[in-house]
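We use all heavy atoms of the structure for the numbers below, so side chains are in, but hydrogens, waters and symmetry mates are not. Just so we're clear, the structure is a prediction, and the values are computed from it rather than from any experiment.
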Amino acid sequence: MSNVVYIGVDDRDIDLFESQYYVPQGMCYNSYLVKGEKLAVMDTVDKRKCSEWLSKLEAALQGKTPDYLVVQHMEPDHSGSISAFMDKYPDAAIVCSLQASKFILNFNENLKAEIKVVKEGDTLDLGNGMALSFVAAPMVHWPEVIMTYLAAEKTLFSADGFGKFGVYDADADNWTPEARRYYFNICGKYGDNVAAVLKKAAGLEIAKIAPLHGPVLEGEKMAEALRLYTLWSAYVPEEPDTVLVAHASIHGHTKAAALQFAQMLRDKGAKVIVKDLTRDDMAGVVEDAFKVGKIVLASSTYDASLFPPMHYFLYKLSIKGFKRRRFGIIENGTWAPMAAKHIKAMLEPMKEIEIAEPVVSLKSALKSTDAPQMQALAEAMLA
């Protein structure tokens with residue numbers, strides 16, 4: 001991108017992104033300087049890295065001053081340095097959607113700046129053949145989002161779309177896992193909105209995608225990202241025949257049953273992923289759930305309801321719009337197994353969910369007499 005300079009920053013010290021997502025490889029906040037006769041900065045960064053970002057911007061400007069700050073997304077990890085930017089460059093105009101113009105003042109009550117509102121199809125001419133055109137992307141994943149297309153560079157600035165967890169060059173040769181975990185936990189609820197933007201993007205000549213998190217995508221990596229986003233936005237599993245066995249066990253007996261059930265599936269030739277909801281990264285298990293086509297839930301009963309880690313997992317799926325999957329259920333309880341009842345109640349509002357029979361109900365621990373039901377459920381999950 002000869003007329004686009006990357007001025008993003010890495011945050012290697014952050015442990016939880018959005019105070020909930022474990023990011024062992026840190027996080028990057030991307031920003032870009034677009035150079036025509038006039039200069040446009042594409043988004044700011046989290047205030048945690050404001051000083052470093054302003055230094056990079058100053059170096060990229062080479063003694064000039066920016067004319068515009070384009071705000072594509074108002075989440076604080078991208079808008080957290082707007083006030084600092086305006087303090088340093090008070091003559092720059094902010095370019096954003098109408099909704100973003102309201103959010104800016106929510107976050108920056110005393111901001112003094114010229115705000116230029118743009119909408120779908122509007123163009124900002126920077127001169128020298130450099131013009132930015134705007135693509136509305138509401139609810140990907142906030143309502144104010146716009147994406148920006150630079151025809152001269154065949155580049156789509158995609159806001160949070162096509163982002164990933166990790167610093168800029170983390171897992172440079174393996175974009176997909178942390179991009180998948182990011183997508184389903186950040187944007188997963190809004191598949192229809194993502195699909196709508198993908199349809200718009202199909203009408204543009206795109207050689208590069210420049211997101212607000214993660215690397216610039218081009219060539220085969222961009223093609224693969226577009227293929228996956230098409231699947232993800234349609235809630236289509238990447239691995240329809242793989243089974244996720246997710247267990248939540250208090251004293252270990254439910255876990256033992258889940259592990260034995262997983263082995264039954266493997267013995268029948270199935271690919272199986274096993275996750276412990278009491279210990280494994282919940283965002284990673286959500287990612288797995290969206291990746292596969294079949295899920296078995298094994299839960300202890302707790303206070304006549306669900307053991308909380310299982311409840312939380314199903315709650316996370318529900319708020320992310322989870323749908324179009326087959327579930328199996330294994331419950332456990334010593335005097336009154338109730339987990340299956342509550343699992344079904346939490347699955348019922350989800351769309352296009354199938355619950356395989358039989359539901360396996362254990363009393364305290366797996367016994368030899370439970371084998372026929374376990375085998376029957378394994379066969380039903382693989383049918």
Under 3.5 Å, is there a donor-acceptor pair linking the side chains of K35 and Q62?
no
Measure from the side-chain N and O atoms of N30 to the backbone N and O of G214, and report whether any donor-acceptor pair falls under 3.5 Å.
yes
Cut-off 3.5 Å, side chains only: do D160 and H73 have a donor facing an acceptor?
yes
Side-chain donor-acceptor pair present, Q99, W142, cut-off under 3.5 Å
no
Distance col, row Y235:OH vs K320:NZ, nearest 0.5 angstrom, shows 10.0 Å
Do the charged groups of K119 and D122 touch, with an N to O distance under 4.0 Å?
yes
dist K88:NZ -> S83:OG (nearest 0.5 Å) comes out at 15.0 Å
Does some side-chain heavy atom of V34 sit less than 4.5 Å from a side-chain heavy atom of L126?
yes
Test item: L297 and L314 side chains (from C-beta on) under 4.5 Å apart, heavy atoms
yes
Rounded to the nearest 0.5 Å, how far apart are NE2 of H253 and CG of L362?
11.0 Å
Assess the pair F322 and F290: is the distance between their ring centroids shorter than 6.0 Å?
yes
Are K164 and E178 ion-paired here, with the side-chain N under 4.0 Å from a carboxylate O?
no
Salt bridge or not for D125 and K38, using N-O below 4.0 Å?
no
In this structure, CG of D46 is separated from CD of E75 (nearest 0.5 Å) by 10.0 Å
Dump the intermediate steps for side-chain contact (heavy atoms from CB on, under 4.5 Å) on L198 and L226, then the final yes or no.
CA-CA 8 Å; L198 288 173; L226 287 167; 4.1 Å; yes
Contact summary for L150 and A131, nearest pair of heavy atoms
CD1-O, 3.5 Å
Presence of salt bridge, D288 and K275, under 4.0 angstrom
yes
Applying salt bridge (charged side-chain N to carboxylate O under 4.0 Å, His left out) to R48 and D11, what does each step give before you reach the verdict?
CA-CA 8 Å; R48 292 166 54 93; D11 188 348; 2.6 Å; yes
In this structure, are over 12 heavy atoms from other groups packed under 6.0 Å from E58 atom CD?
no
Would you please classify the geometry between the Y315 ring and the Y312 ring as parallel, tilted or perpendicular, with 30° and 60° separating the classes?
parallel
Would you please indicate yes or no on a ring centroid separation below 6.0 angstrom for Y29 and W53?
no
Between P308 and Y302, which heavy-atom pair has the shortest distance, and what is it?
CD-CD2, 3.7 Å
For a side-chain contact (heavy atoms from CB on, under 4.5 Å) check, start with the C-alpha distance between V95 and F134, then their side-chain angles and the critical distance, and finish with the verdict.
CA-CA 10 Å; V95 179; F134 300 99; 3.8 Å; yes
Within the structure provided, determine whether T123 and L132 are in side-chain contact (heavy-atom separation under 4.5 Å).
no
Looking only at side-chain N and O atoms, does T334 offer a donor or acceptor that is under 3.5 Å from a partner on S364?
yes
F107 ring center within less than 6.0 Å of F103 ring center
no
To the nearest 0.5 Å, what is the distance between NE2 (H311) and CG (L277)?
13.0 Å
Do V359 and Q373 have side chains that get closer than 4.5 Å, going by heavy atoms?
no
Side-chain contact test, heavy atoms from C-beta onward, threshold under 4.5 Å: evaluate it for T176 versus L228 and give yes or no.
yes
State, with a plain yes or no, whether a side-chain heavy atom of V296 is found less than 4.5 Å away from one of L244.
no
Pair R181-D281, salt bridge (charged side-chain N to carboxylate O under 4.0 Å, His left out): steps then yes or no
CA-CA 11 Å; R181 188 166 73 99; D281 171 45; 3.1 Å; yes
If you measure only the distance, is there a donor-acceptor pair under 3.5 Å linking the side chains of S300 and N332?
no
Do D303 and S305 have a side chain donor and acceptor closer than 3.5 Å?
no
Between R180 and E287, is the salt bridge (charged side-chain N to carboxylate O under 4.0 Å, His left out) condition met? List the steps.
CA-CA 6 Å; R180 184 193 295 111; E287 171 202 349; 2.9 Å; yes
Do E354 and R326 meet the salt-bridge criterion of a basic N to acidic O distance under 4.0 Å?
yes
Between A289 and L317, what is the shortest heavy-atom contact and its length?
CB-CD2, 3.8 Å
Do K316 and Q20 have a side chain donor and acceptor closer than 3.5 Å?
yes
What heavy-atom pair brings S361 and E331 nearest, and what distance separates the two atoms?
OG-OE2, 2.7 Å
Could you walk me through whether E153 and K208 pass the salt bridge (charged side-chain N to carboxylate O under 4.0 Å, His left out) test, one step at a time?
CA-CA 8 Å; E153 301 277 350; K208 300 181 183 70; 5.1 Å; no
Ring center gap for Y182 and H213 short of 6.0 angstrom
yes
Between the OG1 atom in T155 and the CG atom in L217, the distance rounded to the nearest 0.5 Å is 11.5 Å
Relative to each other, are the rings of Y6 and Y32 parallel, tilted or perpendicular (30° and 60° limits)?
perpendicular
Is there a side-chain contact (heavy atoms from CB on, under 4.5 Å) between I206 and K154? Walk through the geometry before answering.
CA-CA 5 Å; I206 300 173; K154 299 179 183 178; 5.9 Å; no
Take K102 and E144 through the test side-chain contact (heavy atoms from CB on, under 4.5 Å) and record every step on the way to the result.
CA-CA 9 Å; K102 300 173 183 178; E144 86 296 355; over 6 Å; no
